[in-house]
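The basis for the numbers below is simple: all heavy atoms, side chains too, and nothing from hydrogens, waters or symmetry mates. The model shown is predicted, which means the values in this text are computed figures rather than measured ones.
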Amino acid sequence: MATVETDDAAAGLRSQFLQVLRSRRPSEVPLSVIPGKPVKDPFFQESPKPTFSEAMASCPKEDIPNFKELLQEENFYLTTEEGGQGLLPVLVLSMKESEKKRRPTIVFLHSTNKCKEWLRPLLEGYASRGYIAVAIDSRYHGERATSITTYRDSLVSSWKNGDTMPFIFDTVWDLIKLADYLTEREDVDPSKIGITGESLGGMHAWFAAFVDTRYSVVVPIIGVQGFGWAIEHDKWQARVNSIKAVFEEARADLDKSAIDKEVVQKVWDRIAPGLASQFDAPYTVPTIAPRPLLILNGGDDPRCPLGGLEIPESRTLRACEKTNCPQNFKLIAQPGIGHQMTPLMVKEASDWFDRFLKV
């Protein structure tokens with residue numbers, strides 16, 4: 001009986017979240033695929049441009065002699081809604097196969113100011129091991145950005161106008177549409193679609209898996225945090241500083257001399273309604289259970305303080321135990337690590353996906 005009640009509560013929360021997503025949508029359009037081309041000069045909203053990630057370079061990869069010849073790349077756009085941001089850029093890497101078969105698929109999500117091309121070392125590693133590896137540009141990033149301040153400006157605009165949700169939520173809408181597309185592909189096993197991401201991408205993975213159960217194995221990396229807990233315990237500063245412009249704008253509009261917890265709460269309520277309340281980690285993370293969920297964080301990450309994960313962790317474990325699968329949930333907080341994805345996290349994520357998607 002408890003499981004039925006829990007399922008009903010999760011379905012109700014998903015329905016509420018979908019209502020929030022739909023509240024600031026332009027008109028929906030039919031999902032269609034528009035051919036694209038490889039991006040020759042990926043766009044980063046940071047200077048100098050990043051060039052190498054030790055963590056991603058460490059991704060386990062099969063040693064295939066003619067790998068480059070066997071690797072196939074797809075670049076295209078999905079229409080997710082009307083308007084310029086309704087064109088979702090997608091990059092897919094997979095191995096050419098002589099026999100057509102459905103394969104496990106993983107969606108990878110980049111961090112703030114990066115883009116889908118940045119994730120290529122991960123995509124190639126997973127593709128070499130038999131996965132279909134998918135990456136997108138999140139809202140106002142990559143091909144969806146026009147200047148080095150596009151994302152920052154979108155957050156300020158959301159605070160001012162309240163008509164978009166560029167922090168997490170709008171990209172989650174795109175990920176629902178991406179799942180619509182992936183489940184229709186003839187080479188995708190619709191029961192084996194995983195999702196992962198780093199930092200902002202980890203938040204995207206968390207919320208997409210919460211709202212859309214088609215994401216069946218979930219690994220958010222340095223993304224899961226308690227937004228409300230951080231406000232209550234005065235641990236919000238590092239997260240706020242990562243996107244400070246919108247909070248400074250709000251501080252001025254609210255006639256405050258400094259950013260304080262009231263400013264922080266009002267910004268979250270405005271740009272991502274419910275993020276620090278009904279859709280926060282204690283309520284949404286447990287709804288992912290009993291699907292396999294691995295949360296990877298740094299033990300000393302000021303943006304994702306561990307204190308804010310105690311309640312989500314205990315509730316998620318309880319949800320898995322109720323369905324007799326406690327092995328489907330794990331939280332790893334790497335000691336001495338701040339807000340950083342590490343080779344250990346990349347290896348743990350890889351092992352988790354192999355364990356649950358290659359069965």
Side-chain angles (χ1 to χ4, degrees), residues 31-40 42 53 55-78 80 87-110 114-138 142-143 174-198 201 204-205 208-209 212 214-219 221 292 346-347 349-359:
L31 186 68
S32 61
V33 180
I34 300 171
K37 296 178 180 178
V39 175
K40 288 189 169 61
S53 163
M56 289 197 297
S58 73
C59 183
K61 188 174 182 180
E62 286 291 321
D63 186 15
I64 301 171
N66 52 341
F67 176 70
K68 293 295 184 186
E69 290 75 40
L70 292 175
L71 184 70
Q72 59 185 9
E73 175 176 339
E74 302 168 60
N75 290 272
F76 56 88
Y77 305 91
L78 295 179
T80 65
L87 211 55
L88 173 65
V90 184
L91 168 63
V92 180
L93 296 187
S94 61
M95 303 304 290
K96 296 170 185 170
E97 299 281 355
S98 52
E99 57 171 313
K100 292 289 182 186
K101 60 181 180 181
R102 294 187 181 271
R103 285 178 270 175
T105 301
I106 301 176
V107 175
F108 297 83
L109 301 154
H110 61 78
K114 302 287 198 304
C115 58
K116 62 188 182 302
E117 287 76 23
W118 174 247
L119 300 169
R120 193 172 186 101
L122 294 178
L123 304 182
E124 290 191 0
Y126 277 81
S128 76
R129 290 165 26 223
Y131 291 95
I132 294 173
V134 181
I136 66 165
D137 286 330
S138 63
E143 294 184 77
D174 293 334
L175 290 166
I176 294 170
K177 297 296 185 178
L178 179 65
D180 289 344
Y181 164 77
L182 290 174
T183 52
E184 293 299 317
R185 275 183 65 128
E186 292 182 353
D187 55 354
V188 169
D189 183 338
S191 69
K192 293 183 177 181
I193 301 177
I195 191 166
T196 185
E198 174 192 2
H204 290 149
D212 196 329
R214 291 174 295 184
Y215 291 110
S216 58
V217 182
V218 188
V219 185
I221 302 174
V346 170
K347 180 66 166 63
S350 180
D351 290 347
W352 191 262
F353 283 124
D354 283 353
R355 176 177 166 191
F356 289 103
L357 289 178
K358 287 200 163 181
V359 289

Q: Quick check: closest heavy atoms across Arg129 and Pro60, and the distance to 0.1 Å?
A: NH1-O, 3.1 Å

Q: Where is the tightest heavy-atom contact between Gly194 and Phe353, given as atom of each residue plus distance?
A: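 Shortest heavy-atom separation between Gly194 and Phe353 comes out as CA-CE2, 3.9 Å.
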
Q: State, with a plain yes or no, whether a side-chain heavy atom of Arg102 is found less than 4.5 Å away from one of Pro190.
A: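 Heavy-atom side-chain distance check passes, below 4.5 Å.
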
Q: Quick one: do Asn66 and Ile64 satisfy side chain to side chain contact (heavy atoms under 4.5 Å, CB included)? Show the steps, please.
A: CA-CA 6 Å; Asn66 52 341; Ile64 301 171; 3.8 Å; yes

Q: Could you tell me which non-hydrogen atom of Ser53 sits nearest to which non-hydrogen atom of Trp118, and how far apart they are?
A: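 So the two residues come closest at CB-CZ2, 3.7 Å.
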
Q: Roughly how far, to the nearest 0.5 Å, is CG of Leu109 from NE2 of His204?
A: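 His204 NE2 to Leu109 CG: 7.0 Å, rounded to 0.5 Å.
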
Q: Run the salt bridge (Lys or Arg N to Asp or Glu O under 4.0 Å) test on Asp180 and Arg214 for me, step by step, so that the C-alpha distance in whole Å, both residues' side-chain angles and the decisive distance to 0.1 Å come before the verdict.
A: CA-CA 9 Å; Asp180 289 344; Arg214 291 174 295 184; 2.7 Å; yes

Q: Which residue in the set Asp187, Thr183, Val188 passes side-chain contact (heavy atoms from CB on, under 4.5 Å) when paired with Thr105?
A: Val188

Q: Would you please indicate yes or no on a ring centroid separation below 6.0 angstrom for Phe108 and Tyr131?
A: no

Q: Salt bridge (Lys or Arg N to Asp or Glu O under 4.0 Å) between Glu97 and Arg103: does it pass, once the steps are laid out?
A: CA-CA 11 Å; Glu97 299 281 355; Arg103 285 178 270 175; 3.5 Å; yes

Q: Should the heavy atoms of other residues, nucleotides or ligands under 6.0 Å from NZ of Lys96 be counted, would the total exceed 12?
A: yes

Q: Which heavy atom of Ser128 sits nearest to which heavy atom of Gly125, and what is that distance?
A: OG-O, 2.7 Å

Q: Name the residue from Val134, Ile132, Ile195, Leu357 that meets the side-chain contact (heavy atoms from CB on, under 4.5 Å) definition with Ile106.
A: Leu357

Q: As a quick check of understanding, evaluate side chain to side chain contact (heavy atoms under 4.5 Å, CB included) for Tyr215 and Leu175, giving each step before the final call.
A: CA-CA 10 Å; Tyr215 291 110; Leu175 290 166; 3.9 Å; yes

Q: What heavy-atom pair brings Ala57 and Pro121 nearest, and what distance separates the two atoms?
A: N-CB, 4.4 Å

Q: What closest approach, in Å, do Ala133 and Leu123 show between heavy atoms, and which atom pair accounts for it?
A: CB-O, 3.5 Å

Q: Quick check: does any side chain N or O of His110 sit under 3.5 Å from a backbone N or O of Asp137, one acting as donor and the other as acceptor?
A: no

Q: Got a sec: does the CD of Glu69 have more than 12 other heavy atoms crowding it under 6.0 Å?
A: yes

Q: Start with the C-alpha distance between Val39 and Glu117, add both sets of side-chain angles, then the distance that settles side chain to side chain contact (heavy atoms under 4.5 Å, CB included), and finish with yes or no.
A: CA-CA 8 Å; Val39 175; Glu117 287 76 23; 3.3 Å; yes

Q: Do Phe76 and Pro35 have side chains that get closer than 4.5 Å, going by heavy atoms?
A: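 Phe76 vs Pro35: side chains apart.
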
Q: Does NZ belonging to Lys347 count more than 12 external heavy atoms closer than 6.0 Å?
A: no

Q: With distance as the sole test, does Lys192 use its side chain to make a donor-acceptor pair with the main-chain N or O of Val359 at under 3.5 Å?
A: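 Side chain of Lys192 to backbone of Val359: a pair is present.
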
Q: Using 0.5 Å steps for rounding, measure from the OG atom of Ser94 to the CD atom of Glu74.
A: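 So the gap between those two atoms works out to 5.5 Å.
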
Q: Nearest 0.5 angstrom please: Arg120 CZ to Glu73 CD, how far?
A: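 The CD atom of Glu73 is 4.5 Å from CZ of Arg120, to the nearest 0.5 Å.
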
Q: As an exercise, state the distance from CD of Glu143 to CG of Leu88, rounded to the nearest 0.5 Å.
A: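 One finds 10.0 Å between CD of Glu143 and CG of Leu88.
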
Q: Atom NZ of Lys68 and atom CG of Leu70: how far apart are they, to the nearest 0.5 Å?
A: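 Those atoms lie 12.0 Å apart.
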
Q: Should Ile136 and Lys116 count as side-chain neighbours, where that means a heavy-atom distance under 4.5 Å?
A: no

Q: Measure the CE-CD distance between Met95 and Glu62 for me, rounded to the nearest 0.5 Å.
A: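 These two atoms lie 9.5 Å from each other.
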
